[in-house]
> 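The structure under discussion is supplied below as structure tokens; questions concerning it will follow.
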Amino acid sequence: MRRACRGVARGTLSGLLVCGVLVGAAGPASARAAGTPVVDFDGDGWADVVIGADQATVGGHEAAGAVVVLYGAPGGVTATRRAVLHQGSPGVPGAVEELDTFGSALTSADLDGDGYTDLAVSSLGEDIAGALDVGGVTVLWGGPAGLSGGTALWQSPWLGELAMLGAGLASGDFDGDGWQDVTVTGWHGTHTYYGPFDRVAGAATNVDEPFGSQWTTFAGDLDGDGDGERYYPYTTEEDRAGTIVYQDWEDGDDVRYTLDAADGDAGAVGDVDGDGYDDLVLGDYLTDGGRISVWRGGPDGPDPDQTPTVIDQDSPGVPGGTEDYDGFGLSVAVGDVNGDGYADAAVGTPGEDVGRARDAGMVTVLYGSPSGLSGQGAQAFTQDVAGLPGAAESSDSFGLSVSLRDVTGDGRADLLAGVPGENGYGAVAWLRATASGVTTGGSLLISARDAGLAGNSGLGYAVDSGQVRTGPYGG
């Protein structure tokens, strides 16, 4: 049985703060079982990708922020089939202002039920009525021409200076009513917006959550009941590796549970063992150079007494070796890379040194099987791998964010990796998936300049539903 939380304590986050990468909204059942969502902003049948550039200079305003949308096509993404949106774009509320950091966190879902995926975007640095860094969340609406226009979501009266609303975003149908919802974290508390959403009024209802100050969140359905659970990592002074509190909808009520032994603050969900229940993959970059753990789902959700599968760079078959400050697991994503029906995992290691290049970064792909994730057949990619554009350079932080998304429609999830330090202004790498795994053949590196962004844009700090980074790997 799961352990219900009684009076969850207000979390105290300290030290190095990072957030997990959560992959978009749920798609068709076959894709959902493998952890590969369908995010289609323009409704053309091809999955799209959105990347945050929260440090981008817009109209001369430094760090005003923007998002870059790469629209999918049979041949994959390109730098030319794109859109760049910010608070100066037509119909997007707000104004372009210095340090707003529009694009800090992202999550995708069809919020108004019109068949087009929409995008929720946060602005951690948004000032309101003279109060600094209150933060805010804006919904950009999907349609035949892609994302356009937007609606600012209602803000709770408890928000104040340095609230940083939108530190983390996650979406899913949290109350089982058939409408997608959005949960939002911040320094001053946690908030959930329940659908259906309206392009004028925003969310149907809003609820302040009893979770206190949180930096990140992710969501998924581990008990298979059709309602998404919201996962909130708690990193405290006493437990730097953290614990996971999650919220589920049962018999018309929100019920809270805890996974006391779970470590990490990056998370993604998918069925890595093919048993019909999604599993929780947690990234814990703080412990001994980093590791991931896999908590298996089931009809009662993740059993808190189970022994999770733990994988690090010293595990059999996993390339590399465990070293301090590698950050293995700082970002994670889940999807079916090779199309075998088992979800696989991409693990970012942005602190990996490559030769003499410090913090050049690496991404490891671990493959699912009837026994779950393991190092068998694992692949590792740095920018020194043949066929991958660019070169491994100090402070590139390749893999600071990762996503697995089928942008070619072939049933296999391609790898996208953020490279926010690339040439000082950021980039994202796309590597195609095949039946035998990820390949560098035909891969692309799309830089901030390719996307038309100015300044040190931070492109790649967030890929798809990633969050802004802080500390040594972030801005």
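No experiment lies behind these values; they were computed from the predicted model shown. Worth knowing before you read on, the calculation uses all heavy atoms, side chains too, and leaves out hydrogens, waters and symmetry mates. Position 1 is the first residue of the sequence; numbering continues from there.
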> Just checking, any donor-acceptor pair under 3.5 angstrom between side chains of Thr192 and Glu209?
yes
> Under 4.0 Å between a side-chain nitrogen and a carboxylate oxygen: does that hold for Arg405 and Asp40?
no
> When you check the gap from the basic side-chain N to the acidic O, do Asp112 and Arg199 get nearer than 4.0 Å?
yes
> Compute whether any side-chain donor of one residue and acceptor of the other, for Tyr231 and Glu229, lie under 3.5 angstrom apart.
yes
> Quiz question: by atom type and distance under 3.5 Å, do the side chains of Asp173 and Gln180 form a donor-acceptor pair?
no
> Name all residues meeting the side chain to side chain contact (heavy atoms under 4.5 Å, CB included) criterion together with Asn423; count only those two or more places apart in sequence or in a different chain, and write none if there are none.
Glu393, Tyr425
> Is there a donor-acceptor contact under 3.5 Å linking the side chains of Tyr193 and Thr183?
no
> Please report the C-alpha distance between Val207 and Tyr194 in whole Å, then the side-chain angles of each, then the deciding distance to 0.1 Å, and finally whether the side chain to side chain contact (heavy atoms under 4.5 Å, CB included) criterion is met.
CA-CA 8 Å; Val207 176; Tyr194 286 95; 3.7 Å; yes
> In residues 123-134, what donor-acceptor pairs under 3.5 Å come from side-chain atoms, sequence neighbours left out?
residue	atom	partner	partner atom	Å
Glu126	OE1	Gln87	NE2	3.1
Asp127	OD1	Asp133	N	2.8

> Mind checking side-chain hydrogen bond (donor to acceptor under 3.5 Å, both in side chains) for Thr138 and listing every partner two or more places apart, or none if nothing turns up?
none
> Do Thr101 and Ser104 pair up side chain to side chain, a donor and an acceptor below 3.5 Å, judged on atom types alone?
yes
> Between Arg432 and Asp414, does any NZ, NE, NH1 or NH2 come within less than 4.0 Å of an OD or OE carboxylate oxygen?
no
> Less than 4.0 angstrom from a charged side-chain N to a carboxylate O is my criterion; do Asp396 and Arg358 meet it?
no
> Are the charged groups of Arg291 and Asp263 less than 4.0 angstrom apart, N to O?
yes
> Just to verify, what does Asp177 make a side-chain hydrogen bond (donor to acceptor under 3.5 Å, both in side chains) with, not counting sequence neighbours?
none
> With a 4.0 Å cut-off, would you call Asp248 and Arg256 a salt bridge?
no
> Take Leu70 and Asp48, measure what side chain to side chain contact (heavy atoms under 4.5 Å, CB included) needs, and give me the verdict at the end.
CA-CA 6 Å; Leu70 303 177; Asp48 307 316; over 6 Å; no
> Which residues pass the side-chain hydrogen bond (donor to acceptor under 3.5 Å, both in side chains) test with Trp141, sequence neighbours left out?
Thr151
> Looking at residues at least two apart in the chain, or sitting in another chain, which of them share a side-chain hydrogen bond (donor to acceptor under 3.5 Å, both in side chains) with Gln313?
Glu352
> What's the spacing between Glu98 CD and His61 NE2 if we round to 0.5 Å?
8.0 Å
